[in-house]
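Just so it is clear, the values below take in all heavy atoms, side chains as well, and ignore hydrogens, waters and symmetry mates. Order of the sequence lines fixes the chain letters, A, B, ..., with proteins taken first and strands second; residue numbering starts at 1 for each chain.
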Amino acid sequence: MTQRRILVTSALPYANGDIHLGHLVEYIQTDVWVRFQKLRGNECIYLCADDTHGTAIMMSAQRTGCSEEEWIARVQDEHERDFAGFHIEFDNYGSTNSPENYELCKKFWQAFRDSGLVKEQEVTQLFDDEQGVFLADRFVQGTCPKCGKEDQYGDSCDGCGATYNARDLIDPRSTLTGSTPSVKSADHLFIQIEQLHDFLEEWTQSGDHLQSEVANYLKGHFLHEPLLDWDISRPAPYFGFEIPDAPGNYWFVWFDAPIGYMASTQQYCEKTGDDFERWWKDPDTEVHHFIGKDITYFHTLFWPAMLKVAGFNLPTKVHIHGFLTVDGRKMSKRDGTFVRAATYLNHLDPEYLRYFYCSKLGNGVDDLDLNLEDFIAKVNSDLVGKVVNLASRTAKFISEIGLSAVYPDDGGLFESAAAVGDQIADAYENCEFNKAMRLIMELADQANPFVENSQPWVLRKDPEKQQELQDVCTVALNLFRQLVVYLSPVLPELTGKANELFDVEISNWSDSQSPITGSQISKFKHMMQRVEIKDVEAMIDETKDEAAAEETQSAANESQDSGQPLKDEPLAEECTIDDFVKVDLRVARIVAAQHVEGADRLLQLTLSLGGDETRNVFAGIKSAYEPEELIGRLVVCVANLQPRKMRFGVSEGMITAAGPGGSDVFLLAPDSGAQPGQRVH
RNA sequence: GGGCCCGUAGCUCAGUGGUUAGAGCAGGGGACUCAUAAUCCCUUGGUCGGAGGUUCGAAUCCUUCCGGGCCUACCA
């Protein structure tokens, strides 16, 4: 077989949040595919980078009070650490905010200019005057102009499904500052991608570049009509690259993001002395992109168009996968299923997830479900029970004598399993990892009965049968090793442990085709722990805790409470705890409430402190509450206040309330469960 | 409303025209004791979402309906 040259990428994670289990579907899928290609002896490199530009990054940096550069450096550290934790092995991991990327962006841009596809057009957008930024749709909220539903984003309404221009929102406000945006115009640069329509039609609909359902989707949603011009620039302020021939304007993040694949290649080449053009200009090189279905059209329309215009290799294939659900539902912070990569690693082995995802991943765009029960069952019964068990039940019998010098008769087991290798390889190649895992487990199911029938634990007691014992274990261990070769793209750590056991490196797929003999066996060490339910539960619990903490945090951040009340009524002089306990605050129930004849602001309340204890209280809350709505409510009253004689009778206490007065009066209410008469401490 | 995908055993899924529909897990029974309560043997379990049609023959092809998921919007 001739060696292929293959360049592989995963989508660039956005430098605005943590890696979570949903992201990992893609990185694990890609990493497994790359490891498989390398194992097959192909020249293959895996490239990725952080996607660092755009308004959202600016906002995050601003919120945390650091520069954008500091922010993205911090996020990138975390991303790389998470990936390493899951054994995702990049040949280079770059950043779109790199000099290499800027240089490449300029080349692409010049190509577009030269091709005459760039045009200038005025765009009218909402503008946040306080922040001095244009507001993308997702940064504007307001009332839907069609159905009147409140708090809708600037592009569409999730109530009635209407789409509209953000300027049509009723009572729009900026989600950044809460202020009312103004309308402002700016010149944007557009790429007239319609001029490449024929090329895109041809590229997407022919060959094997896309999964068939994706090709259909593009045809049905985009290619059936003229393609809209692509708005490629953003006016300052914007965190990104300034466009050289349009000062004050920046390339839109989706322009420089995919170019980041190439910038990362560039860095790889500088690092290794390789030749960049070999990877992006040589037609013999295959380029494979792995992405999620959410960013399909950037990678199947814009990106091929960009590459075409700039004269680089077009993608050989764009592999598109679905989203992750957990226990059949969308990941949710509140359910504890929005699990961050780092949180997972606090409790569970990354190889579990790698295997589980592979056992589920096909080559379609279907969503993938992480059923936690299924997860535990699969890992324990397949990996621990079937595969690792083969080694753990035989290795120690021959740790002193090693493997037989000649591979014994095994009834054709090794050979037939070797013959399945091609099928397994095809499955990996076609991204049908679920099929590959199924085929491998079928082989494991044949290996254990062999051990059972050969009864090495009986043989070892008979000095006459030591040769037979060695032969049986030689077979079992070779079958085990064969499975590990097949699984090694998925389970690098297990592969490493098998390498130690045999003291022979698994370095090529062909290692599955011939048994090893005559060598020593290292002392057996456990290779994989069983998954414990409690560990999964602990991971979910930790995720829930994170979500709760985050909610508290964001409530504190987002409320952006005004400082006015404190200014209007500054804090009182410091008091001691003794001063405080003089005031006896009690929970009370309002058992009667009525208007007071002749009083402008007062209501007369009867408070019950439980039992027979009641108080008659006049409260200045008439303009804020109706008597009827108060009856039955729990309030907090000052129970030991000196009674005061008023025009309408004696008031035997006060009820507590906040607010400046008038209609802005807000009664304090205890949480449910409190009982009248209980003291407030 | 439209597009795509899916519906097979309790669960996860093979099987895309050809004997009586399979596997793993779970359930039941037995065995073994080398192994991480792992393993092995036996076994229960299915009107292949429903209904029509094509065919000598349909889980598989066609039509239609029902149910689920994803995408999308008056446009295919």
- Message: Can you tell me which nucleotide in rU36(B), rG24(B), rC71(B) comes closest to the side chain of Met528(A)?
- Response: rU36(B)

- Message: I need the residues from residues 403-429 of chain A with at least one non-hydrogen atom less than 4.0 Å from RNA chain B; give them sorted by number, or say none.
- Response: none

- Task: State which residues pass side chain to side chain contact (heavy atoms under 4.5 Å, CB included) with Asn16(A); sequence neighbours excluded, sorted by chain then number.
- Result: Tyr14(A), Ala56(A), Ile57(A), Ser60(A), Trp71(A)

- Of all residues at least two apart in sequence or in a different chain, which pass the side chain to side chain contact (heavy atoms under 4.5 Å, CB included) check with Asp503(A)? none

[atom1] gap between [N] and [M], integer Å:
N: rC71(B); M: rG15(B); atom1: P; value: 26 Å
N: rG50(B); M: rG46(B); atom1: P; value: 14 Å
N: rG45(B); M: rG29(B); atom1: C1'; value: 15 Å
N: rC70(B); M: rU55(B); atom1: P; value: 40 Å
N: rG2(B); M: rU43(B); atom1: P; value: 50 Å
N: rC34(B); M: rA23(B); atom1: P; value: 31 Å
N: rA37(B); M: rA21(B); atom1: C1'; value: 34 Å

- Watson-Crick or G-U pairs under 3.5 Å in RNA chain B, rendered as dot-bracket with [ ] for crossing pairs and | for another strand: ((((((((.[[[[.)..(...]]]].(((((.......))))).....[[[[[..)....]]]]])))))))....

- Over all heavy atoms of both residues, which pair between Ala395(A) and Ile521(A) is shortest? Give the atoms and the distance, please. O-CG2, 4.3 Å

- Can you check each nucleotide of nucleotides 1-16 of chain B against protein heavy atoms at under 4.0 Å and return B for base, S for sugar-phosphate only, - for none, in 5' to 3' order? -B-SS------SSS--

- Is it possible for you to check whether Lys378(A) lies under 6.0 Å from the centre of the six-membered ring of Tyr355(A), through NZ or CZ, and within 45° of that ring's axis? no

List for me each residue that meets ring pair (Phe, Tyr, Trp, His ring centres under 6.0 Å) alongside [X], sequence neighbours excluded, and say none if there are none.
X: His23(A); value: His20(A)
X: His288(A); value: Trp33(A), His319(A)
X: Phe524(A); value: none

- Would you please name every residue forming a side chain to side chain donor-acceptor pair (under 3.5 Å) with Asp374(A), sequence neighbours left out? Lys360(A)

- Query: Hey, would you say the Tyr261(A) and His289(A) ring centroids sit under 6.0 Å apart?
  - Reply: yes

- In short, ring pair (Phe, Tyr, Trp, His ring centres under 6.0 Å) pairs touching residues 368-424 of chain A with sequence neighbours left out are Phe356(A)-Phe375(A), Tyr407(A)-Phe414(A)

- Item | Pairs involving residues 429-486 of chain A, ordered by first then second residue, that meet ring pair (Phe, Tyr, Trp, His ring centres under 6.0 Å) (sequence neighbours left out) | Tyr428(A)-Phe433(A), Tyr486(A)-Trp509(A)

Sub-3.5 Å pairs of nitrogen or oxygen atoms, protein against nucleotides 26-32 of chain B:
none

- Val388(A) or Ala444(A): which one's nearest nucleotide on RNA chain B is closer to the 5' end? Val388(A)

